[in-house]
Amino acid sequence: MTQDFAWLRRGVVEVFPQPVDVNSESLEKRLLTTNQPLRIKLGIDPTGTDIHLGHSIPVRKLRAFQDAGHIAVLIIGDFTARIGDPTGKSEVRRQLTEADVAQNAQTYLDQVRPILDFDTPGRLEVRYNSEWLSGLNLEKILELLSTMTVGQMLAKEGFADRYRKENPIFIHEFLYPLMQGFDSVAVEADVELGGTDQKFNIAVGRDLQRHFGQEPQFGMLMPILIGTDGVQKMSKSLGNYIGLSEHPGQKYQKLQGVPDNLLEQYFELLTDLPLDQLPENPRDRQTLLAWEVVKQYYGEQAAQEAKEAAQSGGKEGAVPEFSLAEVSQFPSKLAYILNVTGLCKSTGEGKRKIQEGGVRLDGDRITDVDTTFASVAELQGKVLQVGKNKFVRLVP
């Protein structure tokens with residue numbers, strides 16, 4: 001194991017708890033004195049189908065711990081996703097079905113595969129928290145509930161605001177932090193990673209580990225990535241995101257447009273490049289950032305092709321275009337359009353790809369084989385994708 005704490009702390013906002021005196025344990029001290037790998041926990045709830053670069057930040061930190069010789073414990077919150085993390089939400093989240101969660105979970109794993117080391121034996125555990133949460137009986141649930149007061153729960157970000165505004169807070173939402181905290185008990189985590197908005201949940205995990213006689217974990221918090229608009233946090237709903245599964249040309253183009261004042265943070269959080277060796281010219285920095293990030297996810301050849309397309313003025317990274325005038329009639333089923341565009345060899349293959357979850361429209365996964373579009377207007381300008389490497393932009 002290598003214990004380069006300065007490297008592990010790159011881009012980290014806070015490690016807690018901090019030592020109160022020279023005799024107190026710190027994460028750095030535990031890393032330096034341990035004679036066995038630490039268990040580094042990251043939980044992700046598959047509440048949607050796609051991950052953007054903001055979501056990749058704690059996953060990249062998990063990889064840094066893997067490279068340092070520690071054990072990455074990636075928890076797929078297939079049980080907690082059915083509640084949904086209430087953090088920062090002004091209203092109750094829609095509860096997902098078990099089928100929704102299972103499908104989303106597979107897409108999440110596909111998208112983080114380029115980041116994590118899935119191949120080195122003993123360096124990654126992928127766990128599903130339904131393994132221990134679905135079997136909790138009422139006695140155990142009451143024990144979990146008894147570790148926290150209503151006042152403590154209402155101090156959580158979001159709950160206090162909702163309570164003040166008289167927006168409903170449902171009892172099952174109070175269970176979420178406790179269940180996420182119990183994940184730390186179940187996997188005996190030494191460190192939990194998360195965004196700055198996860199401090200409450202990680203602290204609950206520490207309390208529960210102490211309650212169940214375990215050494216409490218350390219929390220390591222990373223910043224929330226500002227989106228490409230340079231103002232608000234990266235979010236698909238705000239349209240300022242860069243998806244992990246986007247076409248490499250699109251990803252390259254978006255990264256080249258990152259505002260100058262965000263470039264250093266993007267380099268720090270999304271690449272391994274030394275920050276003291278970056279180009280001085282902002283345009284050169286944008287180009288280097290685009291190259292490095294696309295190379296991470298698609299390889300050097302794809303990065304080179306995206307770069308050449310951008311240099312030649314290729315629109316949106318030179319995604320091949322398909323004219324919807326070639327679709328014989330509307331309304332038209334997606335499976336038929338997949339065949340006409342050449343992305344699939346037949347309508348039947350199109351249906352299979354849809355059922356398998358391999359079809360996206362502008363990054364959104366489509367799984368209903370009966371999906372039908374009424375007019376050209378619903379599709380024009382959008383990118384239709386099959387698998388990782390087949391794309392066309394739909395034009396009139």
Side-chain angles (χ1 to χ4, degrees), residues 1 3-34 36-45 54-66 68 70-75 77 80 85-88 129 144 147-149 151-160 174 176-226 233 265 268-269:
M1 294 180 293
Q3 311 301 356
D4 184 351
F5 194 61
W7 176 251
L8 292 175
R9 279 212 61 156
R10 171 171 165 143
V12 172
V13 172
E14 181 182 1
V15 176
F16 71 94
Q18 285 294 305
V20 295
D21 54 47
V22 293
N23 297 316
S24 302
E25 187 180 34
S26 64
L27 176 55
E28 184 174 14
K29 185 183 291 186
R30 187 179 293 189
L31 286 165
L32 289 171
T33 58
T34 185
Q36 61 185 9
L38 298 186
R39 296 176 61 77
I40 316 300
K41 169 196 170 188
L42 174 63
I44 53 176
D45 279 352
H55 298 128
S56 76
I57 293 169
V59 183
R60 284 178 45 79
K61 186 60 63 181
L62 192 61
R63 174 59 187 263
F65 273 99
Q66 282 186 301
H70 299 285
I71 300 169
V73 184
L74 180 65
I75 296 179
T80 45
D85 188 352
T87 300
N129 64 12
L144 291 178
T147 65
M148 182 172 287
T149 68
Q152 288 174 308
M153 192 66 77
L154 286 175
K156 176 177 168 59
E157 178 195 352
F159 281 158
F174 280 178
Y176 184 92
L178 292 166
M179 290 193 297
Q180 181 175 317
F182 192 69
D183 290 348
S184 295
V185 175
V187 302
E188 299 182 1
D190 294 300
V191 180
E192 180 168 1
L193 309 177
T196 51
D197 59 349
Q198 291 298 309
K199 185 171 184 177
F200 183 94
N201 293 342
I202 294 173
V204 171
R206 285 177 48 80
D207 292 341
L208 287 177
Q209 285 180 310
R210 195 179 291 111
H211 174 81
F212 286 100
Q214 294 181 12
E215 188 76 21
Q217 65 188 5
F218 287 91
M220 182 173 274
L221 306 179
M222 279 133 285
I224 306 299
L225 190 67
I226 299 299
K233 71 176 185 178
Q265 185 192 47
E268 182 178 33
L269 299 175

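Since this is a predicted model, take the numbers as computed values, not measurements.
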K41: which residues meet the salt bridge (charged side-chain N to carboxylate O under 4.0 Å, His left out) condition with it, sequence neighbours left out? E192
Evaluate salt bridge (charged side-chain N to carboxylate O under 4.0 Å, His left out) for K199 paired with E14, printing each intermediate quantity in order. CA-CA 10 Å; K199 185 171 184 177; E14 181 182 1; 2.7 Å; yes
Do the non-hydrogen side-chain atoms of F16 and L27 ever get within less than 4.5 Å of each other? no
Donor-acceptor pair, distance only, cut-off 3.5 Å: does the side chain of D190 make one with the backbone of R39? yes
I71 and I40, any side-chain heavy atoms less than 4.5 Å apart: no
Residues D183 and Q180: side-chain donor-acceptor under 3.5 angstrom: no
Less than 4.5 Å apart, side chain to side chain, heavy atoms only: is that true for K233 and L225? no
Carboxylate-amine/guanidinium contact R30 E215, below 4.0 Å: yes
Output for pair (K29 NZ, T34 OG1), nearest 0.5 Å, gives 14.0 Å
Distance-only side-chain donor-acceptor flag, Q209 / S184, under 3.5 Å: no
In Å and rounded to the nearest 0.5 Å, what is the CZ to CD distance from R206 to Q217? 7.5 Å
Donor-acceptor pair, side chain of T149 and main chain of Q152, under 3.5 angstrom: yes
